[in-house]
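Before I ask anything, here is the structure I am working with.
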Amino acid sequence: QVQLKESGGGSVQAGGSLRLSCAASGDTFRNNCMGWFRQAPGKEREGVAAIDSSTFYADSVKGRFTISQDNAKNTLYLQMNNLQPEDTAMYYCAARFSWCPSILQAVWFAVWGQGTQVAIAS
């Protein structure tokens, strides 16, 4: 059974950086899509970035966030630079046992981590 565990969240000032990690059990990355989502209070969960043989980003994070994975370590990363208060949310990693969908919607992903909180102060 695939399990995901996020880490690396925290509180930073606007303009700062954080790197999130997602440790995955099992051979999760082969032919699969791994994604990062976030959910702010009172809002729907939104796709931030995803990776299979390509990378995909929400318009709101393009040029600031970078998704990557280390297959040897079974770990997914999200490097977040120039963070802004609107990036404040709980961040989740997720796995889809197929290629990345054309639209990053939570419904397409089968396995989720427990989340890590990111808070950006203005």
Side-chain angles (χ1 to χ4, degrees):
Q1 183 176 357
V2 173
Q3 292 185 324
L4 305 174
K5 183 173 178 59
E6 304 92 337
S7 60
S11 299
V12 298
Q13 296 289 320
S17 298
L18 285 171
R19 188 176 81 154
L20 305 183
S21 299
C22 173
S25 64
D27 188 12
T28 310
F29 298 157
R30 188 187 302 274
N31 296 328
N32 291 334
C33 175
M34 298 297 296
W36 286 100
F37 288 76
R38 66 186 181 188
Q39 188 166 20
K43 294 189 176 181
E44 292 186 358
R45 192 167 297 191
E46 65 170 342
V48 174
I51 184 169
D52 46 28
S53 59
S54 301
T55 55
F56 308 87
Y57 296 96
D59 288 343
S60 58
V61 306
K62 280 181 181 177
R64 299 189 298 124
F65 290 12
T66 302
I67 188 171
S68 63
Q69 61 189 34
D70 184 329
N71 293 338
K73 294 182 179 180
N74 274 352
T75 302
L76 179 73
Y77 301 101
L78 185 69
Q79 177 67 45
M80 306 186 294
N81 297 329
N82 190 22
L83 285 160
Q84 299 300 315
E86 54 266 33
D87 295 317
T88 295
M90 185 72 80
Y91 282 71
Y92 301 88
C93 70
R96 166 177 161 84
F97 301 111
S98 183
W99 300 109
C100 288
S102 56
I103 299 176
L104 287 181
Q105 292 179 327
V107 66
W108 300 117
F109 288 76
V111 181
W112 294 83
Q114 84 290 348
T116 185
Q117 181 68 45
V118 170
I120 311 303
S122 58

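Values reported hereafter were calculated over all heavy atoms of this structure, with side chains retained and with hydrogens, waters and symmetry mates removed.
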Measure the shortest side-chain to side-chain distance between Thr88 and Val118 over non-hydrogen atoms and say whether it is less than 4.5 angstrom. no
Here the gap from Cys100 atom SG to Ile103 atom CD1, rounded to the nearest 0.5 Å, amounts to 13.0 Å
Tightest non-hydrogen contact, residues Asp70 and Tyr77, listed as CB-CE1, 3.9 Å
Scanning both residues in full, the closest heavy-atom pair of Leu4 with Cys22 reads CB-SG, 3.8 Å
Inset, instruction - Check whether more than 12 heavy atoms from other residues, nucleotides or ligands sit under 6.0 Å from atom CH2 of Trp112, and answer yes or no. - result: yes
*asked:* The test is side-chain contact (heavy atoms from CB on, under 4.5 Å); show your working for Gln114 and Lys5 and say whether it passes.
replied: CA-CA 7 Å; Gln114 84 290 348; Lys5 183 173 178 59; 4.0 Å; yes
Sequence neighbours excluded, the answer for ring pair (Phe, Tyr, Trp, His ring centres under 6.0 Å) partners of Tyr92 is none
Non-hydrogen side-chain atoms of Phe109 and Phe37 separated by less than 4.5 Å: yes
request  = Taking Gln84 for its side chain and Asn82 for its backbone only, find out whether a donor-acceptor pair lies under 3.5 Å.
outcome  = yes
Of all heavy-atom pairs linking Arg96 and Asn32, the shortest is O-CB, 3.3 Å
* Linking I/L/V/M/F/W/Y whenever their side-chain heavy atoms sit closer than 4.5 Å, directly or via other members, would Leu18 and Met90 fall into one cluster? -> no
Nearest heavy-atom contact between Ser21 and Thr75 is CB-CG2, 4.2 Å
Heavy atoms of Trp99 and Cys33 approach each other most closely as C-CB, 3.8 Å
Salt bridge check: are Arg38 and Asp87 linked by an N-O gap of less than 4.0 Å?
-> yes
**Item:** Leu104 and Tyr57, any side-chain heavy atoms less than 4.5 Å apart
**Value:** no
Point to revise | Glu46 side chain vs Gln39 backbone, donor-acceptor pair below 3.5 Å | key: no
Here the gap from Met80 atom CE to Thr66 atom OG1, rounded to the nearest 0.5 Å, amounts to 11.0 Å
Practice task
Test side-chain contact (heavy atoms from CB on, under 4.5 Å) on Tyr91 and Glu6 and set out the steps.
Solution key: CA-CA 8 Å; Tyr91 282 71; Glu6 304 92 337; over 6 Å; no
When rounded to the nearest 0.5 Å, the distance separating OG of Ser122 from CD of Gln13 is 8.0 Å
Separation between CD1 (Ile51) and CD1 (Ile67), nearest 0.5 Å, reads 5.5 Å
Value for CG (Asn74) from CD (Gln69), rounded to nearest 0.5 Å, stands at 9.5 Å
Shortest non-hydrogen pair, Val2 vs Val111, comes out as O-CG1, 3.6 Å
- Query: Taking C-beta and beyond as the side chain, do Ser102 and Phe56 meet within less than 4.5 Å on heavy atoms?
  - Reply: no
Keeping Ser25 on the side-chain end and Gln3 on the backbone end, is there a donor-acceptor pair under 3.5 Å?
yes
How about Trp108 and Ser98: do any of their side-chain heavy atoms sit closer than 4.5 Å? no
